[in-house]
Amino acid sequence: MRKTYQILLTFLLIFSVTFSFHIAPTFFEKRIDAGGGYQEFIMYNNSTKTQRFKVSALPGTGTYGGHMDKWVEYNPKIITIKPKSQSILKVFVKAPKGTPEGEYSTFLNFKSVPVPDITRDDGKTVAAAASIGLNVNMEVIGYVGDFKPKLEITNLKVTENKEGQAVVSFKVKNNTLKRGVWYNIDVMNGNESHESVEKGRIGIGKTDEITLTMKKMKKRDVVGVRLRDSSTYEDITKKEL
């Protein structure tokens with residue numbers, strides 16, 4: 001599972017750097033039964049050319065409880081992003097009544113579509129965008145059931161490196177039933193501020209070993225660690241020193 005995400009996110013990183021295009025967020029993580037789950041994805045075009053993509057929902061890897069590509073509604077189907085601009089992709093997923101509890105996934109597929117040349121008044125043509133020919137997948141996950149995230153922090157320690165920077169280490173275990181959790185880490189400072197890091201997704205029953213070097217904090221500054229749900233920004237748990 002982790003290997004799959006590394007491959008997908010690496011592909012997206014290459015995609016972003018090479019073609020000045022990226023998507024945020026790179027996750028869905030919504031409850032898809034009851035009223036369904038909704039997410040807006042912002043697609044950025046940092047290049048000087050207009051980019052156009054056809055969006056499709058495809059079956060996921062099969063790693064989870066099932067596929068949710070047939071339950072996905074999204075708009076627009078073809079998205080055009082002007083130079084140095086951004087566009088929004090709206091995604092809604094609703095599982096059919098009676099769908100078993102657990103995780104489901106789909107690939108959001110982004111396939112480049114050529115942008116027609118523009119004909120000027122003098123009869124000459126100007127290419128509106130380069131033909132890139134990309135076909136990129138991003139797997140997103142939803143879940144059925146009322147499963148609030150339950151993460152546990154253990155073995156919290158703070159040391160200091162030779163540069164005098166705080167080094168925070170701890171373990172995070174996912175005790176949530178039937179679903180993974182995408183989470184953020186807040187390293188809390190004594191003055192009630194914090195520094196945040198988006199950690200990513202932790203699977204069902206898995207444990208992450210975390211080591212963070214806090215370049216702007218010393219050992220004495222760190223008072224604890226808090227975990228937040230990346231999707232809702234709500235607190236999950238915290239542990240103080």
Side-chain angles (χ1 to χ4, degrees), residues 1-16 21-43 52-79 87-113 133-151 174-184 198-208 229-232 236:
M1 172 56 221
R2 182 174 295 178
K3 184 177 180 181
T4 300
Y5 261 99
Q6 289 174 340
I7 292 171
L8 287 171
L9 293 178
T10 299
F11 199 173
L12 284 173
L13 179 61
I14 294 171
F15 186 39
S16 302
F21 169 84
H22 66 277
I23 305 169
T26 55
F27 57 87
F28 183 76
E29 303 295 330
K30 303 289 187 181
R31 183 177 177 180
I32 58 174
D33 59 332
Y38 174 80
Q39 177 70 58
E40 291 186 358
F41 294 90
I42 302 177
M43 303 174 66
R52 181 172 293 169
F53 300 92
K54 179 181 179 182
V55 184
S56 303
L58 305 176
T61 57
T63 305
Y64 306 96
H67 305 298
M68 64 181 190
D69 54 298
K70 303 299 184 185
W71 312 334
V72 179
E73 298 178 18
Y74 53 93
N75 185 58
K77 300 294 190 292
I78 295 179
I79 191 162
S87 295
I88 294 177
L89 174 67
K90 299 178 180 180
V91 176
F92 177 76
V93 185
K94 183 173 175 60
K97 186 176 181 180
T99 300
E101 293 180 336
E103 296 180 316
Y104 297 83
S105 73
T106 183
F107 279 116
L108 293 179
N109 175 262
F110 302 90
K111 186 175 183 180
S112 60
V113 177
L134 290 174
N135 191 347
V136 176
N137 291 323
M138 180 175 72
E139 188 170 30
V140 294
I141 303 159
Y143 62 93
V144 172
D146 186 14
F147 301 115
K148 302 298 182 184
K150 295 180 180 180
L151 303 183
N174 182 12
N175 296 320
T176 314
L177 292 175
K178 300 184 180 181
R179 62 163 288 209
V181 178
W182 200 293
Y183 67 100
N184 285 22
E198 184 181 295
K199 175 58 180 69
R201 194 172 202 273
I202 182 171
I204 302 170
K206 300 296 185 180
T207 298
D208 286 342
D229 189 322
S230 298
S231 180
T232 63
I236 300 174

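Taking OH of Tyr183 as the reference point, atom CD1 of Ile236 lies at 9.0 Å (rounded to 0.5 Å). In this structure, Asn175 CG and Ile204 CD1 are separated by 12.0 Å, a value rounded to the nearest 0.5 Å. Interatomic distance, Thr232 OG1 to Lys148 NZ, rounded to the nearest 0.5 Å: 8.5 Å.
With sequence neighbours excluded, no residue satisfies salt bridge (charged side-chain N to carboxylate O under 4.0 Å, His left out) with Lys90. Qualifying side chain to side chain contact (heavy atoms under 4.5 Å, CB included) partners for Leu108, counting only residues two or more places apart in sequence or in other chains: Phe41, Val91, Phe110, Met138, Val140. Among residues two or more places apart in sequence or in another chain, the side-chain hydrogen bond (donor to acceptor under 3.5 Å, both in side chains) test is passed with Thr176 by Asn174. For Tyr104, the side-chain hydrogen bond (donor to acceptor under 3.5 Å, both in side chains) test picks out no residue, with sequence neighbours left out. Remark: Ser105 pairs with Glu139 by the side-chain hydrogen bond (donor to acceptor under 3.5 Å, both in side chains) rule, at least two apart or across chains. Residues meeting the salt bridge (charged side-chain N to carboxylate O under 4.0 Å, His left out) test with Asp229, sequence neighbours left out: none. Taking the side-chain hydrogen bond (donor to acceptor under 3.5 Å, both in side chains) definition, one finds that Ser230 meets it with Asn184, sequence neighbours left out. Partners of Lys30 under the side chain to side chain contact (heavy atoms under 4.5 Å, CB included) rule, at least two apart in sequence or in another chain, are Phe28, Gln39, Ser231.
A cation-pi arrangement is present between Arg179 and Tyr143 under the rule of less than 6.0 angstrom and at most 45 degrees off the ring axis.
Sorted by first and then second residue, the salt bridge (charged side-chain N to carboxylate O under 4.0 Å, His left out) pairs with a member in residues 91-113 read Glu101-Lys178, Glu103-Arg201; sequence neighbours excluded.
With respect to Lys206 and Asp208, no salt bridge is recorded, no charged nitrogen being found less than 4.0 Å from a carboxylate O.
Residues Glu198 and Trp182 have side chains in contact (heavy-atom distance under 4.5 Å, counting atoms from C-beta outward).
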Cut-off 3.5 Å, no hydrogens considered: what does the side-chain donor-acceptor table look like for residues 66-79, sequence neighbours left out?
residue, atom, partner, partner atom, Å
His67, ND1, Gly60, N, 3.1
Tyr74, OH, Val55, O, 3.2
Lys77, NZ, Tyr74, O, 2.9

